[in-house]
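Let me begin by presenting the structure, written as structure tokens, before commenting on it.
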Amino acid sequence: IMCGPVRDWCFSQVKGAIDDDVAEADIISTVEFNHTGELLATGDKGGRVVIFQQEIENKNLPQFRSEYNVYSTFQSHEPEFDYLKSLEIEEKINKIRWLPQKNAAQFLLSTNDKTIKLWKISERDKRPEGYNLKEEDGRYKDPNTITSLRVPVLIPMDLMVEASPRRVFANAHTYHINSISVNSDDETYLSADDLRINLWHLEITDRSFNIVDIKPANMEELTEVITAAEFHPHQCNTFVYSSSKGTLRLCDMRASALCDKHSKLFEEPEDPSNRSFFSEIISSISDVKFSHNGRYMMTRDYLSVKIWDLNMENRPVETYQVHEYLRSKLCSLYENDCIFDKFECCWNGNDSVVMTGSYNNFFRMFDRGQRRDVTLEASRENSKPMQVLKPRKVCAGGKRKKDEISVDSLDFNKKILHTAWHPQDNIIAVATTNNLYIFQDKVN
Amino acid sequence: AQNTFSEMMECVFDAQNLISISLRKIQSSRTQRGGIKLHKNLLVTYVLRNARQFYMSKNLSQTQRTHHYEDVSAVRERQDYFELTGSLTELGDDFYCNFTGVESDTWHCGAHQPNGQPAEVPHQDASACAMLSPSDSDLMVSEACWSCADKSSWELPILNAQANQKTVLDLDTHVVTTVTNGYFHSDCCAQSKQPQGAQCYTKKRKMDTSYHIVDPEFYLPDFGPVPFKRMRTDEDLHSDSDQLDSTNISNLISVLGSGGLSEFVSWQQTDLEQIFAAQTICLKHTLLTGSGWTRAIEAF
């Protein structure tokens with residue numbers, strides 16, 4: 001695993017339209033590498049999935065090792081209409097999760113607010129030719145003209161990548177699905193909405209098991225919702241879910257059928273001196289991710305990233321401020337709805353660095369071992385091939401130094417919500433509104 | 001820390017501002033594509049609660065240190081104090097009247113103990129906080145206690161004569177109805193009487209008659225028949241009875257739970273006939289269990 005400390009990140013590629021006029025359907029809503037990192041999938045608001053594949057041929061030339069090209073594009077979800085409630089169901093892809101590869105084909109799960117689909121992506125580079133009973137164009141021959149037996153042969157053709165829906169998991173979620181997570185047992189996966197978590201078998205679409213239900217008997221007593229959920233990377237009986245109140249609950253499916261009672265509750269007491277009108281909003285967890293080694297969990301709330309040790313429930317072991325300078329701007333961010341932005345976070349391959357997005361197309365990396373952090377920017381201006389990214393700095397107040405950007409100049413429409421790190425290499429995918437940037441570490 | 005009167009007033013204005021912004025957000029969420037987002041609306045109600053608590057606690061220190069607001073005229077004065085304009089004022093007034101507070105058993109008192117450590121005591125009321133720091137000025141005490149104002153002080157008297165009555169906006173059906181002691185009066189049950197909700201609603205209006213008539217369109221979704229529309233024109237009253245039935249079905253199912261049919265089919269022992277036969281009972285039950293969206297407004 002080439003995941004040592006990185007001093008410099010370089011621009012590699014950018015995918016997506018160049019013009020500033022962003023079509024809403026093209027807004028990227030999820031980014032995910034597969035387990036080898038060879039494939040990179042994105043989902044967008046228009047319900048499309050685009051898969052990029054790393055070009056293996058150039059892997060020998062280190063500076064080109066991360067060239068990703070379009071591999072497959074397909075329409076995963078369409079807008080639907082719930083006639084009973086007169087509600088439209090958005091086709092936006094909320095999450096994509098890859099299944100570990102078992103055969104030649106690739107499988108991924110994609111979900112919108114209500115329905116999860118299992119897609120098979122397979123390659124076809126041969127086609128049969130020379131049918132006994134059919135003409136080349138498919139018409140059946142006159143049987144009287146057939147005098148001999150001919151077996152079709154497979155001849156090479158241009159590579160064709162096909163995506164086909166193999167399973168549709170529907171009608172199991174009353175509320176909006178926010179997470180899906182594939183279990184390490186390779187047989188089951190979970191899906192979570194605001195109030196419930198369901199367990200599915202990948203082969204069975206007509207039923208799922210409800211394993212968490214936090215809907216109160218009296219909805220007036222509702223005080224929190226589920227915001228994210230994930231299976232433990234190795235322990236197939238363990239999963240975690242986060243709440244809008246900033247708590248994490250670790251659950252063991254062996255304990256009982258309904259995991260309403262958590263095995264562990266991770267919560268940090270609120271700092272009363274930081275209390276504000278928006279305390280509840282900024283403590284809501286927007287993403288939770290287990291470390292690859294399974295010993296830690298990372299959570300993202302509006303202003304910070306926290307690392308939790310599975311063995312310590314009363315506080316995180318590390319806290320990183322992503323953009324503390326926004327604390328004094330919460331009122332404006334509430335007005336323009338930015339305070340509701342759901343930032344994601346991710347680990348690098350060996351869990352030494354974590355990454356998350358911010359505004360102004362900035363994204364942040366925190367090196368846990370070296371106790372260093374850096375702010376980088378994904379922009380077309382810094383898009384020359386192999387151009388090294390210059391660290392950015394935001395000036396919170398006082399005298400602004402050269403090259404610093406003041407808080408008031410930040411563009412809050414340019415937000416990086418989705419980032420992904422190659423599982424084995426120092427390659428990152430960073431999604432701006434409608435562009436996907438790929439960066440890699442500088443190779444000398 | 002707010003040391004000056006003007007700083008305090010600025011904060012009070014901020015709280016007012018936040019209340020109007022929040023109400024606007026809840027209102028616009030109804031027409032958002034993809035349906036009402038439970039998570040976002042829940043967070044908005046927290047801001048509403050916080051802003052309202054803060055606003056009330058400032059008034060507490062301003063006027064008198066009492067926990068119970070039973071003086072209707074005092075309530076009206078406070079309503080007049082609002083500088084919200086236009087229809088948002090009506091919205092604000094109405095929700096303001098119906099605020100019953102958010103249940104929370106994890107209530108932390110932000111007041112500081114004399115030894116400087118913040119206290120963590122559940123369900124403290126303002127007077128208890130005052131006792132903790134008797135030397136503080138009125139202003140500072142209320143500021144410290146804004147997060148733990150007495151819950152009972154939130155329950156303003158409803159201008160309606162009947163006790164325990166509140167007006168509820170159901171975000172599922174977009175119907176404004178009156179609820180007495182937890183029971184619907186609405187016409188969800190295909191009863192011929194006029195929905196009382198509308199009448200009660202208009203009573204809460206300001207004296208200014210230009211705001212007297214509530215525009216139901218303000219609350220209605222862009223499509224779909226709703227019983228509330230019925231009372232607007234004679235045409236509506238003469239409309240198809242089939243429409244009434246289907247409306248009731250959709251109201252019923254949406255009231256039963258925000259999940260519509262999927263929630264509905266999970267009721268294994270229940271069949272449609274039973275439900276229609278026992279409409280009132282169902283709705284009472286439902287109101288007690290509530291639809292999550294109702295709470296979004298009721299909480300304020």
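Each chain gets a letter, A, B and so on, in the order its sequence line appears, and its residues count up from 1.
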When rounded to the nearest 0.5 Å, the distance separating CD1 of A:Ile282 from CG of B:Leu43 is 11.5 Å
In this structure, CZ of A:Phe278 is separated from CG of B:Asn50 (nearest 0.5 Å) by 9.0 Å
Flag, side chain of B:Tyr46 to backbone of A:Ser279, donor-acceptor distance under 3.5 Å = no
Can a salt bridge be assigned to the pair B:Arg33 and A:Glu91 using a cut-off of 4.0 Å between side-chain N and carboxylate O?
-> yes
So which part of A:Ser244 gets closer than 4.5 Å to some heavy atom of chain B, the side chain, the backbone, both or neither?
-> both
Looking at B:Val47, B:Val44, B:Leu42, which hits side-chain contact (heavy atoms from CB on, under 4.5 Å) with A:Ile281?
-> B:Val47
Taking all heavy atoms of A:Ser284 and all of B:His39, pick out the closest pair and write down the distance.
-> OG-NE2, 3.0 Å
Could you tell me which residues satisfy side chain to side chain donor-acceptor pair (under 3.5 Å) with A:Thr247, sequence neighbours excluded, listed by chain and number?
-> A:Ser243, A:Arg249
Is there side-chain contact between A:Leu222 and B:Leu38, with heavy atoms separated by less than 4.5 Å?
-> yes
May I ask you to check whether over 12 heavy atoms, not counting those of A:Phe209, lie within 6.0 Å of atom CZ?
-> no
Of the non-hydrogen atoms in B:Gly35 and A:Leu87, which two are nearest, and what is the gap between them?
-> CA-CD2, 3.5 Å
Name the region of A:Leu195, side chain, backbone, both or neither, that has any atom closer than 4.5 Å to a heavy atom of chain B.
-> side chain
Separation between CZ of A:Phe277 and CG of B:Asn17, rounded to the nearest 0.5 Å = 10.0 Å
Non-neighbouring partners of A:Tyr325 that pass side-chain contact (heavy atoms from CB on, under 4.5 Å), sequence neighbours left out | A:His323, A:Ser358, A:Val394, A:Ala396, A:Val407, A:Leu410
Around A:Glu24, counting heavy atoms of other residues, nucleotides and ligands shown, do more than 12 lie under 6.0 Å from its CD?
-> no
Within 45 degrees of the axis of the six-membered ring of A:Tyr334 and under 6.0 Å from its centre: does B:Lys25 put its NZ or CZ there?
-> yes
Tell me, side chain or backbone of A:Asn112 under 4.5 Å from chain B's heavy atoms, or both, or neither?
-> neither
